[in-house]
Asks: 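Attaching a single structure in structure tokens format; questions to follow.
Quick caveat, the model's predicted, so the values are computed rather than measured. In this chain, numbering begins with 1 at the start of the sequence shown.
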Amino acid sequence: MTPNPGSVPVSRLTLTDFRSYSSATIEPGAGFVLLFGENGAGKTNLLEAVSMLTPGRGLRGASLSAMARKGGEGDWAVAARLGEVDIGTGTSAAAPERRQVRANGVAASVNSLSEWLSILWLTPAMDRLFAATASDRRRFLDRLVLALEPGHAHHATRYDAAMRARNKLLAEEQWDETWLASLEQAMAEHGKALAEGRARTVAALDAQLAQAPVDDFARASIALEGWYASDIAATLAANRTRDAGAGRAVDGPHRQDLAVVHRAKHIPAAQSSTGEQKALLLGLILAHAELVGDRRGDRPILLLDEVAAHLDPKRRAALFTRLEGRGQVWMTATEASLFEGIGPASRLRVHAGVVTPA
């Protein structure tokens with residue numbers, strides 16, 4: 001079965017024992033999907049369910065078992081209709097940390113989800129991304145790469161697996177040189193693909209940001225920083241003793257970082273004001289969505305959690321204008337009034353794990 005390329009809007013979403021939902025089905029349109037309700041109603045849970053239609057742990061980065069409904073059987077499922085295709089993912093009570101995927105009833109790999117959908121998100125927890133750790137920014141960058149290059153998830157999975165196995169082997173008193181070299185070769189192969197994919201995405205996105213409209217969202221300039229070496233296997237082999245002492249691989253693409261600078265002010269994003277950091281991040285997400293749309297032929301699905309509440313009326317209006325006609329955009333807010341200015345949309349009220357048309 002060959003997946004359809006690009007991002008197809010979710011026309012039906014079904015949740016079973018997921019977070020606060022024992023069961024729920026919604027049928028959103030192709031444009032704005034507006035969710036409103038009080039805090040704790042389950043709005044973000046719906047966005048998280050959509051985010052689970054791609055590889056990884058979703059927009060919260062939670063363990064799979066944590067997504068199962070409290071009081072349920074310990075399993076959960078999220079299913080979606082994408083054009084003429086049905087995809088689903090979830091876990092079983094017997095294996096709560098093992099994720100399963102099916103496409104049109106046929107078992108598929110988790111990484112294959114990136115071939116069906118491109119999904120980007122912005123949550124309040126990401127507001128301090130630029131002042132967070134390098135690993136936080138690296139995970140964010142890898143999500144951007146994945147939207148453009150679906151194979152990126154495969155390389156990340158294989159690289160991490162080989163690195164963990166190498167760390168474990170180096171902790172032993174005697175090393176199996178042949179097996180160690182094999183693991184380092186795997187890290188080299190997949191690490192090179194990781195680094196090159198990141199470099200391509202950063203270069204393309206920086207060019208996209210340079211051409212972005214000068215509006216109410218600050219424009220960023222981005223670059224890839226940190227580790228880079230042409231011969232990863234040789235570097236790893238030379239560092240075995242040091243890595244054994246450190247208990248981890250000191251060098252490698254897992255040490256890279258995303259550097260972000262306020263383009264107009266020429267200062268690091270981490271030194272910008274809180275408001276400017278939010279604007280820079282939002283502008284980066286919007287530019288990336290446009291880049292993905294140009295490259296893949298379909299706009300990615302955007303999940304924007306409580307974004308409108310943190311913008312003044314002028315910036316809120318500018319955001320809605322920029323998102324109009326840009327594909328399926330899921331947004332949450334505590335009040336419907338925060339969505340004023342948006343035309344035709346799927347408006348849904350969320351209350352205590354129940355979703356109803358507004």
Asks: Can you establish whether the number of heavy atoms outside Glu97 located under 6.0 Å from its atom CD is more than 12?
Replies: yes
Asks: Does the Arg19 side chain pair with the main chain of Ala68, one donor and one acceptor, at a distance under 3.5 Å?
Replies: no
Asks: Check whether any side-chain heavy atom of Arg69 lies under 4.5 Å from a side-chain heavy atom of Thr16, and answer yes or no.
Replies: no
Asks: Are Leu183 and Val250 in one and the same hydrophobic cluster, where Ile, Leu, Val, Met, Phe, Trp and Tyr link if side-chain heavy atoms are under 4.5 Å apart?
Replies: no
Asks: Closer than 3.5 angstrom, by distance alone: can the side chain of Asn104 be matched with the main-chain N or O of Asp86 as a donor-acceptor pair?
Replies: yes
Asks: Going by the rule ring pair (Phe, Tyr, Trp, His ring centres under 6.0 Å), which residues pair with His254 if we only count those two or more places apart in sequence or in a different chain?
Replies: Tyr159
Asks: From the options Leu47, Val329, Leu348, select the one residue that forms a side chain to side chain contact (heavy atoms under 4.5 Å, CB included) with Val33.
Replies: Leu348
Asks: Is Met163 reachable from Trp175 through a run of I, L, V, M, F, W or Y residues, each pair having side-chain heavy atoms under 4.5 Å apart?
Replies: no
Asks: I need the full list of side chain to side chain donor-acceptor pair (under 3.5 Å) pairs touching residues 338-358, with sequence neighbours left out, sorted by first then second residue.
Replies: Glu38-His351
Asks: Just to verify, which of Met67, Met52, Arg57 counts as forming a side chain to side chain contact (heavy atoms under 4.5 Å, CB included) with Arg99?
Replies: Met52
Asks: Quick check for you: to the nearest 0.5 Å, what is the distance between Ser51 atom OG and Leu46 atom CG?
Replies: 11.0 Å
Asks: Side chains of His288 and Leu148, heavy atoms from C-beta outward: is any pair under 4.5 Å?
Replies: yes
Asks: What are the two closest heavy atoms between Ile119 and Leu303, and how far apart are they?
Replies: CG2-CD1, 3.7 Å
Asks: Ring-plane angle category for His190 and His155, please: parallel below 30°, perpendicular beyond 60°, tilted otherwise.
Replies: tilted
Asks: Counting only N and O atoms by type, is there a donor-acceptor contact under 3.5 Å from the side chain of Arg166 to the main-chain atoms of Leu236?
Replies: yes
Asks: Taking the side chain as every heavy atom from C-beta outward, state whether Phe320 and Met331 have any pair of such atoms under 4.5 Å apart.
Replies: yes
Asks: Less than 4.5 Å apart, side chain to side chain, heavy atoms only: is that true for His262 and Gln271?
Replies: no
Asks: Look at the side chain of Thr89 and the backbone N and O of Gln100, then say whether any donor-acceptor pair between them is shorter than 3.5 Å.
Replies: yes
Asks: Has the side chain of Tyr21 got a donor or acceptor atom that lies under 3.5 Å from a matching backbone atom of Gly42?
Replies: yes
Asks: How many angstroms lie between atom CZ of Arg255 and atom CZ of Arg248, to the nearest 0.5 angstrom?
Replies: 5.0 Å
Asks: To the nearest 0.5 Å, tell me how far Leu302 CG sits from Arg326 CZ.
Replies: 10.5 Å
Asks: If only atom types and distance count, is the side chain of Ser118 paired as donor or acceptor with the main-chain N or O of Pro300 below 3.5 Å?
Replies: no
Asks: Minimum heavy-atom separation for Glu48 to Ala62, with atom names?
Replies: OE2-CB, 4.3 Å
Asks: Over all heavy atoms of both residues, which pair between Gly56 and Arg143 is shortest? Give the atoms and the distance, please.
Replies: CA-NH2, 4.3 Å
Asks: How about CZ on Arg242, more than 12 heavy atoms from neighbouring residues, nucleotides or ligands closer than 6.0 Å, or not?
Replies: yes
Asks: To the nearest 0.5 angstrom, please state how far the CG atom of Asp206 sits from the CG atom of Leu284.
Replies: 9.5 Å
Asks: For Thr44, give me all partners under side-chain contact (heavy atoms from CB on, under 4.5 Å), at least two apart in sequence or on another chain.
Replies: Leu59, Arg60, Asp305
Asks: Nearest 0.5 angstrom please: His154 NE2 to Leu146 CG, how far?
Replies: 13.0 Å
Asks: Does Trp121 belong to the same Ile/Leu/Val/Met/Phe/Trp/Tyr cluster as Leu144, with side-chain heavy atoms less than 4.5 Å apart forming each link?
Replies: yes
Asks: To the nearest 0.5 Å, what is the distance between NE2 (His310) and CG (Leu304)?
Replies: 12.0 Å
Asks: Ignoring hydrogens and geometry, is there a side-chain-to-backbone donor-acceptor pair from Glu225 to Asp257 under 3.5 Å?
Replies: no
Asks: Is it the case that the side chain of Gln328 and the backbone of Gly29 share a donor-acceptor pair, with hydrogens and angles ignored and the cut-off at 3.5 Å?
Replies: yes
Asks: Is there a side-chain contact (heavy atoms from CB on, under 4.5 Å) between Leu122 and Leu281? Walk through the geometry before answering.
Replies: CA-CA 8 Å; Leu122 186 58; Leu281 183 56; 3.2 Å; yes
Asks: Less than 3.5 Å apart, any donor N or O on the side chain of Thr235 or Asp251 sitting next to an acceptor on the other?
Replies: no
Asks: Are Leu224 and Trp227 joined in one hydrophobic group, where the rule is that I, L, V, M, F, W and Y side chains link up if heavy atoms are under 4.5 Å apart?
Replies: no
Asks: Hey, is the main chain of Ala264 close enough, under 3.5 Å, to the side chain of Arg219 for a donor-acceptor pair?
Replies: no
Asks: Give me the atom names and distance for the closest heavy-atom approach of Ile301 to Pro9.
Replies: CD1-CA, 4.4 Å
Asks: In terms of hydrophobic clusters joined by side-chain contacts under 4.5 Å, are Ile87 and Leu13 together?
Replies: yes
Asks: Work out which heavy atom in Val261 is nearest to a heavy atom in Ile267; give both atom names and the distance.
Replies: CG1-O, 3.3 Å
Asks: side-chain contact (heavy atoms from CB on, under 4.5 Å), that's the test. Do Thr91 and Arg98 meet it? Break it down for me.
Replies: CA-CA 6 Å; Thr91 64; Arg98 182 180 179 183; over 6 Å; no
Asks: Might you work through the side-chain contact (heavy atoms from CB on, under 4.5 Å) test for Thr332 and Val350, ending with a clear yes or no?
Replies: CA-CA 10 Å; Thr332 67; Val350 184; over 6 Å; no
Asks: So, Arg102 side chain and Gly88 main chain: donor-acceptor pair closer than 3.5 Å or not?
Replies: no
Asks: Which atom names give the shortest non-hydrogen contact between Ala93 and Asp75, and what distance separates them?
Replies: N-CB, 3.5 Å
Asks: Atom CZ of residue position Arg295 - does it have more than 12 heavy atoms of other residues, nucleotides or ligands inside 6.0 Å?
Replies: no
Asks: List the steps and the verdict of side-chain contact (heavy atoms from CB on, under 4.5 Å) for Ser23 and Leu15.
Replies: CA-CA 5 Å; Ser23 64; Leu15 282 62; over 6 Å; no
